Amino acid sequence: MATELILPQPDDWHVHVRDGALLNTVVPYSARQFARALIMPNLQPPVTTCEQALAYRQRILAAVPSGQSFNPLMTLYLTDHTDPLDITRAALNECILAAKLYPAGATTHSEAGVTAIERLDPVLDTLQEQGLVLCVHGEVTDADVDLFDREAVFIDRILAPLVRRFPALKVVLEHITTREGVEFVRDSSGLIAATITPQHLLYNRNALFRGGLRPHYYCLPVLKRETHRQALLEAATSGNPKFFLGTDSAPHRRQDKESACGCAGCFSAPAALELYAEAFEHAGALDQLAGFASHYGADFYGLARNTATVTLVRDRWQVPETLPCNGDTLIPLAAGETLSWRLRD
Ligand code: NCD
Ligand code: ZN
């Protein structure tokens, strides 16, 4: 049995690093694991302009421990009032790669998101023209649609027509969670891709209710049934370059998760690569991890692949139960669980 796994340094194509004190705590975890990361713009207020994105990028860089290199790549948050000119400006800056569509009300800090997709046509036109990527939180928010069906309904009602209207637009369906998501992406043109999180590869929705309510396994889109997890695992390990790594690491303070109305988001950054390795090994597909974690995302975004390497060592270790954060506490994904691979420093 292999005792070491050497991979090209991976990138994280979907991560939330927050701002302020929380940013300073969480950025080092991502910087330790990943060469580059696509930073989500759902701050309060959201990152809607190039100026805001570049200022945010500087705050992230200032939190990178000395001796580590980490390249944060930025996204703009789309609203009903996004000016296509901001998209044109973003396209001129190599640190801004994408615009993020949050349907209003779909997830954490999405209140300022888009309320009617038709209003976005001039912006989507400009994205398509400029070759920027549209990153999509793919869930409808209608109260009459069952929470577990929101991704599949979004694909039918919003995404499929959008892709038909903008056939040259590059789209990433973020953090896919369903068989329908896998099939849509697989059967679309080469311009349509998807990120997959570690939690959706490792757990099904039972994890939310195992012996009681488990808020640290609650994220959006929510974990689905086992058949969907199987479809995601097959896609991630298939070698199809449309599916690549995006952790959706989304830290919230412990008291904001363990609450009568707990926040959505799993904090996976501390053991991200190890969690993916666990999932790939269980599927007998460790040989596919390099493509998924280190190559396909860079290829999709049109960037050079990383040349440095990282080493995973076969070494059982326990994910910490808690992590300190400026007098508060963060609970990492898989807290207390034993993993088989450890990233060597
Ligand atoms: C994310 C967050 O907390 O910012 N939460 C989550 O459950 N994934 C937002 C998001 O990506 O939906
Ligand atoms: Zn996210």
Side-chain angles (χ1 to χ4, degrees), residues 11-20 22-23 25-27 29-30 34 37-47 56 60 72-78 97-114 133-141 147-148 150-151 154 171-178 181 193-203 205 207-208 214-224 232 244-259 261-269 272 275 297 325 328 330-334:
D11 301 311
D12 184 351
W13 295 104
H14 182 128
V15 66
H16 304 264
V17 294
R18 313 305 191 200
D19 213 345
L22 196 46
L23 176 141
T25 301
V26 303
V27 163
Y29 291 111
S30 290
F34 298 105
L38 191 65
I39 310 292
M40 292 299 123
N42 60 332
L43 302 182
Q44 269 183 324
V47 177
Y56 183 31
I60 297 167
L73 298 163
M74 310 309 288
T75 54
L76 297 188
Y77 185 117
L78 297 178
L97 296 189
K100 178 71 188 271
L101 167 61
Y102 289 104
T107 188
T108 309
H109 303 162
S110 63
E111 304 76 21
V114 173
V133 172
L134 176 70
C135 296
V136 178
H137 184 109
E139 290 192 287
V140 294
T141 54
L147 183 85
F148 291 94
R150 288 183 176 184
E151 182 171 293
F154 181 90
V171 179
V172 178
L173 184 53
E174 298 292 336
H175 40 53
I176 54 169
T177 62
T178 58
T195 52
I196 307 183
T197 77
Q199 64 267 27
H200 292 103
L201 291 177
L202 286 167
Y203 310 113
R205 64 193 193 179
L208 284 161
R214 302 272 180 175
H216 300 291
Y217 293 82
Y218 172 56
C219 66
L220 286 170
V222 74
L223 294 171
K224 303 295 192 300
L232 296 169
F244 48 81
L245 185 157
T247 62
D248 194 21
S249 180
H252 294 276
R253 290 177 179 84
R254 178 181 199 159
Q255 63 269 32
D256 297 329
K257 297 280 301 170
E258 299 175 7
S259 143
C261 186
C263 294
C266 297
F267 180 39
S268 57
L275 289 163
C325 176
D328 286 314
L330 297 174
I331 311 288
L333 181 66

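In listed order, ligands and their atoms are each counted from 1. Nothing here was measured: the structure is a model prediction, and the numbers come from that model. When reading the values below, keep in mind they use all heavy atoms of this one structure, side chains included, and skip hydrogens, waters and symmetry mates.
Looking only at protein heavy atoms, the nearest one to atom 7 (O) of ligand 1 is L220 N, 2.7 Å. Remark: minimum distance from atom 5 (N) of ligand 1 to any protein heavy atom is reached at A264 O, 3.1 Å. The closest protein non-hydrogen atom to atom 8 (N) of ligand 1 is D248 OD2, 2.7 Å.
Taking 2.8 Å as the criterion, H175 does not count as a coordinating residue of the Zn ion (ligand 2), since none of its N, O or S atoms falls below it.
Between the CZ atom of F34 and the OG1 atom of T247 there is a distance of 5.5 Å, given to the nearest 0.5 Å. How far OG1 of T108 is from CD of Q44: 9.5 Å, rounded to the nearest 0.5 Å.
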Show your reasoning for whether side chain to side chain contact (heavy atoms under 4.5 Å, CB included) applies to L202 and Y217. CA-CA 11 Å; L202 286 167; Y217 293 82; over 6 Å; no
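Looking at H175 against ligand 1, only its side chain comes within 4.0 Å, counting heavy atoms. Only the side chain of H137 comes within contact range of ligand 1, with a heavy atom under 4.0 Å; no backbone atom does.
Side chains of K224 and T178: no donor on one and acceptor on the other come within 3.5 Å. Counting only N and O atoms by type, the side chains of R254 and H216 include no donor and acceptor under 3.5 Å apart.
Checking side-chain atoms of S110 against main-chain N and O of G105 turns up a donor-acceptor pair under 3.5 Å.
At least one N or O atom of R18 sits closer than 3.5 Å to an N or O atom of ligand 1.
Test E139, R150, E151 against T177 for side-chain hydrogen bond (donor to acceptor under 3.5 Å, both in side chains) and you get one pass: E151.
Here is the list of ligand 1 atoms found below 4.0 Å of a heavy atom in H14: 11 (O). Close approach of ligand 1 to C219 is summarised as follows: ligand atoms under 4.0 Å from at least one heavy atom of the residue are 7 (O). Annotation for ligand 1: atoms under 4.0 Å from non-hydrogen atoms of A250 are 1 (C), 2 (C), 3 (O), 5 (N). The G265 neighbourhood of ligand 1 comprises atoms 5 (N), 6 (C), 7 (O), with distances under 4.0 Å to a heavy atom of that residue.
Residue-ligand proximity: H252 is placed with a non-hydrogen atom under 4.0 Å from ligand 1.
The aromatic rings of F244 and W13 sit perpendicular, their planes meeting at an angle over 60°, well past the 30° parallel limit.
When the options N42, T107, T197 are ranked by their closest heavy atom to atom 12 (O) of ligand 1, first place goes to T107.
Rounded to 10°, the angle formed at the Zn ion (ligand 2) by OD1 of D248 and NE2 of H16 is 90°.
Taking the side chain as every heavy atom from C-beta outward, F267 and V26 approach each other to under 4.5 Å.
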